[in-house]
2 protein chains.
Amino acid sequence: MTSLAEENYLKAIYKLQEKHGDIVSTSALAEMLEINAASVTDFIKKMAVKKLISYQKSKGVRLSEQGRQIALSIIRKHRLWEVWLVNKLNFKWDEVHEIAEQLEHVVSNELIEQLDEHLGYPKTDPHGDLIPDAKGRFAKNSSKPLLDHKVGDKTKFVGVAEHSNSFLQYLTKTISSWAMNCWWNPLRNSITVSR
Amino acid sequence: MTSLAEENYLKAIYKLQEKHGDIVSTSALAEMLEINAASVTDFIKKMAVKKLISYQKSKGVRLSEQGRQIALSIIRKHRLWEVWLVNKLNFKWDEVHEIAEQLEHVVSNELIEQLDEHLGYPKTDPHGDLIPDAKGRFAKNSSKPLLDHKVGDKTKFVGVAEHSNSFLQYLTKTISSWAMNCWWNPLRNSITVSR
DNA sequence: ATATATATTTAGGCTCACCTAAAATAATAT
DNA sequence: ATATTATTTTAGGTGAGCCTAAATATATAT
Ligand SMILES: [Mn+2]
Ligand SMILES: [Mn+2]
Ligand SMILES: [Mn+2]
Ligand SMILES: [Mn+2]
């Protein structure tokens, strides 16, 4: 069984691999998890023994295939719960992350598959992030960054790359409805759109 | 903040007080929680310091008002989640307890109040147990044990006092629908009914 | 009342997941 | 190439929540 701490490490490593390429440093992990670097070194050594990651001393870590699958299952749960909170319980998109951080650790395959059905098999979460399927596969994403569009282009807003509550609240205030025409946003590179 | 372990202790103490009166013994608690009695002694001493319970050495424990309120909030969450699992996710009544045991520990008042609304403010859970409101108050219960009825009486089945999965599955097989006429059950005292 | 059985507490220890301080290693600047 | 700085690891330690074995207190039987 994988512990709460392990799940959080796996998710953090996954996200850092996504953003900054293959290998993840101790300090990057420590910063993301808000855990002391010495503790991180300790913990990743144990995770390596369990084959959740590969670890090269003083170099960094990378998810094993097993570790990657677990990380994806956590991300799947997180995003499905966010959809539920927004679509069924009427939460705003800036109110769901902390709650989903807790719900993502509930263990039950039946639960998550029933939830998926209940929600109508959504492909993306309220922030536009793709939801992996039960086997960890993503649908392909046809969205493009807002900066790839010219002024005057008509396009559909589907999600954000920046997830801070303050930015989400800013967008909510600035933009009146979810599906709408887009315009240039002062915060560079923070909105993605699709045709 | 109250930890997962504390929440489980509080809930167990509450249930034992309900059933066997005021004061709860170390061994009863140890048995219910499947934790060694020595560990329980240790833990309840700390809970007493935090004023969650009162504790008299070698006598037993009793919930403080604060402890009782926390216990009730856990029970409220447990039962609301069970309603959700059955009514919205199509689980059977014998499949929800273990999942609710996890969900009951998720912390968010907004979440639980939204959930309550989403479910239409149910008064009872799928097993007929009353759901306390946000302030820990129960509606009054007009149901009566099946044994208080005579053969031939017409009555409405509303819930069970015995919660084991095997018994729930037995009932599901034996009784075809949720609202129905009742008859004597071989398992004494295990069904409650109301007019 | 005394012996026996049962329940409870004390004492000492363990694992998990964290910490700080110091040492070692790697990266960067001169 | 050497000094300085930043990163990573090692060493030692902590608290939460559990354990077993032994000691003590309580209940029951004779
Ligand atoms: Mn999120
Ligand atoms: Mn999201
Ligand atoms: Mn239950
Ligand atoms: Mn129930």
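Labels below follow one simple rule: chain letters A, B, ... track the order of the sequence lines, proteins then strands, and each chain is numbered from 1. Keep in mind that this is a model prediction, so the values were computed, not measured.
- B:Ser27 has a side-chain polar atom (N or O) that falls below the 4.0 Å cut-off from OP1 or OP2 of C:dT8.
- Residue A:Lys46 has no polar side-chain atom (N or O) positioned under 4.0 Å from OP1 or OP2 of C:dT15.
- Set against D:dT8, C:dT9, C:dA17, the side chain of A:Thr26 has D:dT8 as its closest nucleotide.
- Side-chain N/O atoms of B:Glu65 and B:Gln69 include a donor and acceptor closer than 3.5 Å.
- The nucleotide whose nearest atom lies closest to any side-chain atom of A:Lys57 is, among C:dC19, D:dT9, D:dT20, D:dT9.
- Distance A:Ile35 CD1 to D:dT14 C1': 16 Å, rounded to the nearest Å.
- Neither OP1 nor OP2 of D:dC18 sits under 4.0 Å from any side-chain N or O of B:Ser39.
- When heavy atoms are screened at a 4.0 angstrom cut-off, A:Lys59 is found touching no nucleic acid atom at all.
- Rounded to an integer number of Å, the gap from CD of B:Glu7 to P of D:dG17 is 11 Å.
- B:His78 has its ring centre less than 6.0 Å from the ring centre of B:His97.
- The CD1-C1' distance, from A:Ile44 to C:dC16, rounds to 17 Å in whole Å.
- Rounded to a whole Å, the CG atom of A:Leu33 is 15 Å from the C1' atom of C:dC19.
- Nearest-nucleotide mapping onto DNA chain C: of A:Glu34 and B:Val40, the residue sitting toward the 5' end is B:Val40.
- With rounding to whole Å, A:Ile23 atom CD1 is found 11 Å from D:dT8 atom P.
- When rounded to the nearest whole Å, the span between CG of B:Leu16 and C1' of C:dA7 equals 16 Å.
- Considering A:Asn87, A:Ile131, A:Val96 in turn, A:Val96 is the only one that fulfils the side chain to side chain contact (heavy atoms under 4.5 Å, CB included) rule with A:Glu82.
- As judged by a 4.0 angstrom heavy-atom cut-off over every strand, A:Thr41 is placed among the base-contacting residues.
- No donor-acceptor contact under 3.5 angstrom links the side chains of A:Ser54 and A:Gln56, judged on distance only.
- Residue A:Ser3 places at least one side-chain N or O under 4.0 Å from the OP1 or OP2 atom of C:dA17.
- In this model, a donor atom of one side chain and an acceptor atom of the other lie less than 3.5 Å apart for A:Asp129 and A:His163.
- Look at B:Tyr55 and you'll find a side-chain N or O under 4.0 angstrom from OP1 or OP2 of C:dT9.
- Between A:Leu4 and A:Ser58, the residue whose closest nucleotide on DNA chain C is further toward the 5' end is A:Leu4.
- Listed candidates were C:dC18, D:dC19, C:dT20. Nearest to the side chain of A:Asn36 is C:dT20.
- B:Gln17 and B:Val24 get closest at one heavy-atom pair: CG-CG2, 3.6 Å.
- Residue B:Phe43 contributes atom CZ, which lies 15 Å from atom P of C:dT9 at whole-angstrom precision.
- A straight line from CG of B:Asp42 to P of C:dT10 spans 9 Å, rounded to a whole angstrom.
- Of the candidates C:dT20, C:dT9, D:dC18, the closest approach to any side-chain atom of A:Ala38 belongs to C:dT20.
- OP1 or OP2 of D:dT10 sits under 4.0 Å from a side-chain N or O of A:Lys45.
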